[in-house]
Amino acid sequence: MKRRSAFCAAAAGLLTAAFIAGIVRGADDGPRATFKQYCFQCHGGGRAMGGMSLEQLLANKTVGDGFARWERVAAALDEHRMPPKGLPQPPDADRQQAVSWVRAELRAFTNQNAGDPGRVTVRRLTSGEYAYAIHDLTGLDLDLGIDASTDSVGGEGFTNFGDVQFMQDASLERYLAAAKKVADHAVIGSGPIEFFHDPGDTGFEMSAIARIKDIYDRYGFRTVSGEGGFPYGLDRYGKVFYVAWRYRHRAALGEPNATLDSLAAREGITGRFARHIWTVVNSTSLGYPSSEAGERWRKLPAPPADARAACDELQKWVTGWPLWLFARGDQAVGGQGDESPLIINEKSLTLAAKKHFTFNRFAFGGRGAARPAGPAKVFLNAAAVNPTAAGKPVIVWRNAVVAYRFPGGPAPDPTPAGDQPPVRGRGQLRPKQPLRAVVSEDTAKQLGFGVARDGATVGPDDFASEPSASFEVPLPQGAIGFEFQADAEIGSSRDQVFRIVITDREDGTSRGIPVRGLIGDPASAGYRKFRDGVLEWTRLLPPNSQFEPTPADKDPIPEPFDSAYNVPEHDEFDTRVKYVRDDRFIYDNILDDAARARVDQAWNDLYASFAYHDNYLDLIAKHFQIDLKGKHIGDLSPADIDALQPEPRKYAKELRKEYDGAMAAQAAARPKRVDDCLRFASLAWRRPLTDAEKQGLRGFYDRTVTTERDPRAAVRAVLARVLVSPAFLYRAESPRLTGDDLASRLSFFLWSSLPDDELRRAAAAGDLEKPEELQRQVRRMLADPKARRLATEFFGQWLGFYHFDQHRGVDTARFPEFTDDVRAGMYDEAVSFFEHIIRKDRPVRDILYADYDFLSKPLAKFYGVDREIKSADRAELIEGANLFHRGGVLRLGAVLAVTSAPLRTSPVKRGDWVLRRILGINLPPPPADAGSIPADDRLFGGLSLREKLEAHKRNATCASCHLRIDPLGFPLERFDATGRWRDKYADGKPIEDRGALADKTEISGVDGLLNYLSAQDEQVRRTLARKLLGYALGRTIQPSDTPLIDRIAAAGSDATFSQFAIEVALSRQFRNRAANSDKVGVQ
Amino acid sequence: MSDSLRSRRQFLRGAGVALALPWLESSPLLAQSAANKPPLRFGCIYFSNGVDPAKWSAKGEGATMELGEAAQPLTPIREDLVWVHGLYNHQALINPSPHMGRMANMLSGAPVSPDPSVIRVGMTMDQVLARQIGGQTAVPSLALGIEPNELRLEDGLSMIYGSNISWSSPTQPATKEIYPARVFDQLTGDGKGRKLDRSILDAVMSDAQSLKPRISNTDGKKLDEYLESVRDIEKRIDRASKEERLEGWRPTLKQPNMPRPAGEIPQHVPDHMKLMLDLTVLAFQMDKTRIATLMLNNDLSQMNFKFIEGVRGALHLDLTHNGKAPELKAMYLKTNQFHMQQFTYFVNRLKQIDEGGQSLLDSSLLMLISNLYDGDAHGADQMPIVLAGRAGGTLKTGRVLDFLDKGNDNRRACSLYLSMMDTMGVKLDKFGDTNQRLPGLFS
């Protein structure tokens, strides 16, 4: 590849020199003579007792070829195990010389080869890496069937060891199926290729509507809740007023150069929205109520006062005003939510000068148990809403009557029409009486029956109000309510427009749906002014920034269709056309250009995802009863359309235009899709494509378009082909690592996945050749959320809690409290603990000695920990965990459970775990005929577990290992087989949590064990370094790695995790490939 | 099978070279079909953790054969089986790792690599068969299992050795399938409608070719696995789409007679095993493959046997290593019997399928085997082996054969494998640790 690192090349040169060193020296040394004389009898001349031929070892070119064997030779000689007793023994001086010589040679070999990259078999993605890579490519977590059953473990104990990763037809079939499945999730429309969680055609449609809603949610707002909806985004009004205010006072605020755009960006709104509002609030030619909004804004306090709170108040007024006008109880203004849509148009604003009102007053003690009836107040709450009208705001209430309601009679109609509230309870209305005859004399006087206030004619049972009034209706004995009726009419000042609410509360609010209405004289200039002002408002400061793209069944549908609820035309529209685009306000006044492009793409995709326009046209045809002779919308010729009647023609023309636009957008996107595929391939393959590869992919696309006759299917085929390619599935590297190779090594090491944009940038810029830049990247990556994968993959496999969420090793019949939630909690506990160490860059000693833990609710309960956990489903950081016996890997539930048998603890398994995984000491396997101990601690036949093991230990062949294993396992006995703390065994016997090592060192309890391990903290760090290096390299550790491991381990007890990761990433073995596999392209 | 037919087969020079051998194309297929006889099927059922040696015995013949307690469930099929006593693998016996060194080599007799950085055993006899005669069917062989690979090391060695009995090369296990639904799909996928797959594979094949010159030689070798897999799938697609079955004999079942299993792994172990056995029967009956192995459990099995009444605990740690506690020994015995029941079920199902006047069992050669004898002691000095089926009339059943005291060179399991491979039509001059056939087994 182009960008070959000078840094890497230099390192490789050093290595070549190093390989020559370490050759076993001349033949006449004393040691050779010693070996010949005393050893060859059994280990030379074709004899290889115990599989060992010293003569052969000496014939090797370097001690490196038989490193482990040479170590054994030195040990056997040094410990006087060889030659065997009874055979001639070399003089001590010769023996010592031989031992020293071997060891010096080994040391020399190690040092001279330090940093040897070693043999690394090309790695296939593990199931974990595959899933993470697909996630990073598509943003989706899909069940693709590439699961842990395709993994194996090797090397230093990790799945990323190339020699245990195989490919066969059956496994390749799985990769092919998985790749096609991923490709099926691709959204192939008018925009860039992306992925969606629903596949196929349905996914295409769903993704389009999801994208549309996403843009509306991110930029827009909605005041009116409507059916099942909630208000959102209203704070954007507050922010935009504030932006305009800051801009107005920019000099005073010390930002003379601020622009509307820059201020808007700071508030998280678009410049376009800010510019629109700036124009509105500074315009002086607007009608009411827009003018009122501008006026209020212009009256905002000037600096040094901050107008933030006042802007929020203004927002509440602006968004609340239409709801107030229509007296709606919407959530945006703290109401209950109103299911009917708020429609502000000429139709809904068509008023009459006179309107009949019926107001029912109930709830005198409720059903049956009537309280003594008393007087009830009625408020005729009126507001003049055309402030420009001249004259008195007077309403004339004509024919005001009251009918009392008494118990009995038929049940009232449960579904009253119009503005009437639902009639609850039983009752029977008595004949109507004039209100005048019912109210007290004082009240009658106050209302002024028959008195004109502004010259309008008033009858004897009529009264005028200016504009509000109220009165008390006395209830006769036994009445359970009454009904008030009247006709409200505009007074002499015909330019007035009134908003009327009749209620029993003084503040104008109501129980349930209010009795409300607007009156105004349609013939008056005042009314027209009012109407135009409101319509202007909906264009400039609308309550909703767009119409719902998926109208609910009560929402209106576009002209010319019948918008009534539950009529066939509405239903058919809902099921066949489904979507309506009316986003003029947000599009014109809010969305930035990029969002406009995206929302256009999304709508064009939505139109293209099903026969949208055909269905739409079909409904139009039905509505106007015209016969299109089954013509597809695309088949309609201009002449066909022109032949239609003017009304249907208008709709057909619009539809055809929209349809042509959508189709053109799809067609225009087609050539770009192949480019998208190439970009996708470059991401998936983790490097720039060669020209040949680009041509190959293009050619494949072209061929597939021809054979499949479907451009979308061809795109899917290309994507599938990219994902089943060896360039994706294998981590093939150039013999001399390129910047991209190194970026991949880093990202697979720390994230188990592909490099991100920043890492790719760094690779392309050659930054990764600079150690300090490499360090910076490692630190950045370790702090990234994706580093949790390192906790899962590396720590999980090293320490044995990998896939613990599927652990089946606990007998849940014996431990029913060990539920799936507890198991999930333990897994989260372990992963979150190591994620914390990695991402917070904690000292590595936290691994053992942390005083914190991560607990979920079910796990805290299981452990009996009485601490508050806020999250319902995630583990939370809890400090001071040692108090309740938690904190550190030795006390992790998952670790304690995997080192137990299903029914009992296993000190041997736990001791073995400490010895191997923490101290990194490998013991030989137990002899095949070692006895066993019962699985169930209820079946020890009187012997305690310890006594049983003691008996086992007396057997000499067993003792040598068990003396090392058991004392490290017993201290954990206070944790049961499910990781819970316990004070006694199931049979009531006291816990035996002490062990003694061969040198009589006694270890008691988990604290004692930690204490013992702290004395060996360098060894612990060495194990971590060894495992981390093995994991990063994907190979077993070899002698030449020792200097690096020693150096990392020597970092001291304050060393943090990033120091370890950086040492590994900067190491020669990590940044190079072995020179001896540097034969390119030999077939 | 006549001598003339045998002479047409290649005489192979040992299993070590088998990897390098090409597929045998359809000449044996033609030959066999001329006889218009059902083809031979080979099935191996493996169970881990051995048996209770005190309860593992057989004596007598045919309908009067008496079986020890552990083998009791085989009684209904005793006339269909051959009890083979005393065979062993020398490389297993001498390997210091009591588990890892004694399982993966069960069907190859090869040494297990003691070096953690090198995965190596030996190609197993079923995979030798697959390579030589697997090309005659849509699926060359099945390697089935119940438990997934355990993702850890044991004795410093990869647990891959404890999870795979079938190895398609010394360094690669055959892909073990544990999902019943995937087996079903593999058997029923017909290669039709896979034109697009074929062209995707063609394209990635060239990816791999163009990748090779840019990577190192060793990496290129690993990529060969990939290339070979692509070729194998392509061959299968091509074969299926051509439908060129030239044989006179036709399988008795065209369409699967069982529904597609659910996508997940069954929670209940016996259900899982039954499904895998049924799928093996289906594969044989539809003649989709003639070679199958099924691991009822992995070595060091964590399978919790609580599904058997009165048993609790994991097969390996709790029940096999039972410390001779009577209660636990009784449970261990039940696990032995449970494994026998699976084999009996399998044999009976094959027996009930008619293939033109004879049963499918008559054309089968089945082997039930564990790598260890005394499970608690990791005993590799011999193995429990039971054969069943008449192998096309070449195997006389209802017998007990004992090789234990015939001398180590005369009781190699690999001798049995050589004989079985002969019967299946694949002749090697040596295999594993021997070049001798097992006398007196096949006629």
Side-chain angles (χ1 to χ4, degrees), chain A residues 121-122 148-149 151-155 157 159 162-164 166-173 176 692 696 700 704 708 717 720-721 724-727 730 732 734-735 797 800 802-803 808-809 811 813 901-903 922 925-926 928-929 932-936 939 941 1035-1036 1077-1082, chain B residues 96-98 116-119 148-149 151-153 155-156 158-160 168 172-175 177-178 186 196-197 199-200 203-204 206-208 210-219 222-223 225-226 229-230 232-233 302 304 306 312-314 317-319 321-323 325 327-328 376-378:
Chain A
T121 304
V122 62
S149 68
D151 290 331
S152 297
V153 152
T159 53
D163 297 66
V164 293
F166 307 105
M167 187 65 80
Q168 276 196 322
D169 50 348
S171 39
L172 188 61
E173 290 271 29
L176 179 59
F700 178 74
T704 316
E708 298 293 306
R721 173 209 184 301
V724 80
S725 165
Y730 286 91
S734 306
Q797 295 181 49
Y802 199 45
H803 294 307
R808 290 214 218 166
D811 192 310
L903 301 162
N922 282 323
D929 58 354
S932 57
I933 56 169
D936 191 333
L939 299 172
R1035 64 161 167 80
T1036 36
S1077 57
D1078 194 11
K1079 285 179 213 137
V1080 184
V1082 181
Chain B
S97 178
S117 69
V118 177
I119 303 287
N149 290 346
L151 300 182
R152 63 182 182 90
L153 303 176
D155 300 338
S158 172
M159 270 294 283
I160 200 165
S168 57
Q172 179 176 17
T175 306
E177 190 53 82
I178 62 173
Q186 210 184 337
L196 185 58
D197 287 0
S199 74
I200 290 176
V204 293
S206 70
D207 281 359
S210 70
L211 208 55
K212 272 183 102 176
R214 299 210 313 254
I215 58 175
S216 71
N217 205 20
T218 39
D219 284 359
K222 196 73 186 166
L223 274 191
E225 272 180 21
Y226 178 94
S229 308
V230 174
D232 287 348
I233 299 176
Q302 307 217 38
N304 192 329
K306 63 187 176 191
R312 56 173 193 272
L317 193 64
D318 298 333
L319 303 174
H321 297 310
N322 52 44
E327 196 182 329
L328 289 170
D376 187 19
H378 306 106

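The chains referred to below are lettered A, B, ... by the order of the sequence lines, with proteins before strands, and numbering in each begins at 1. Predicted model only: the values in this text are computed from it and were never measured.
- A donor-acceptor pair is defined here as one N or O able to donate and one able to accept, closer than 3.5 Å; no such pair exists between the side chain of B:Asp232 and the backbone of A:Asp169.
- For the atom pair CE of A:Met167 and CD of B:Gln172, the computed distance is 9.5 Å after rounding to the nearest 0.5 Å.
- Atoms CG and CG, from A:Leu903 and B:Leu328 in turn, are 9.0 Å apart once rounded to the nearest 0.5 Å.
- Panel note: side chain B:Glu225, backbone A:Phe166; no donor-acceptor pair is recorded below 3.5 Å.
- The pair A:Arg721-B:Asp207 meets the salt-bridge criterion, since a charged nitrogen lies less than 4.0 angstrom from a carboxylate oxygen.
- When heavy atoms are compared at a cutoff of 4.5 Å, B:Leu151 approaches chain A by way of both its backbone and its side chain.
- Across A:Phe700 and B:Ala203, no two heavy atoms sit closer than the pair CD1-CB, 3.9 Å.
- Side-chain atoms of B:Lys222 come within 3.5 Å of backbone atoms of A:Gly162 as a donor-acceptor pair (strictly under, hydrogens ignored).
- Both the backbone and the side chain of A:Gln168 come within contact range of chain B, judged by heavy atoms closer than 4.5 Å.
- Ranked by heavy-atom pairs under 4.5 Å with chain A, the first of B:Ala174, B:Ser117, B:Ala314 is B:Ser117.
- Interface remark: of the candidates B:Gly156, B:Ser199, B:Pro148, B:Ser199 forms the most heavy-atom pairs closer than 4.5 Å to chain A.
- Here A:Arg808 pairs with nothing under the salt bridge (Lys or Arg N to Asp or Glu O under 4.0 Å) rule; sequence neighbours left out.
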Notebook entry, point to check: Going through the checks in order, is the side chain to side chain contact (heavy atoms under 4.5 Å, CB included) test met by B:Asn149 and A:Asp151?
Noted result: CA-CA 7 Å; B:Asn149 290 346; A:Asp151 290 331; 6.0 Å; no
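- Contact between B:Ile160 and A:Ser152 at its shortest, heavy atoms only, is CD1-OG, 3.3 Å.
- Both the backbone and the side chain of A:Leu172 come within less than 4.5 Å of a heavy atom of chain B.
- When side chains are defined from C-beta on, B:Ile200 counts as touching A:Val724, because their heavy atoms get closer than 4.5 Å.
- Counting heavy-atom pairs closer than 4.5 Å to chain B, the top residue among A:Ser171, A:Pro902, A:Ala720, A:Pro726 is A:Pro726.
- A:Asp811 pairs by the salt bridge (Lys or Arg N to Asp or Glu O under 4.0 Å) definition with nothing, not counting sequence neighbours.
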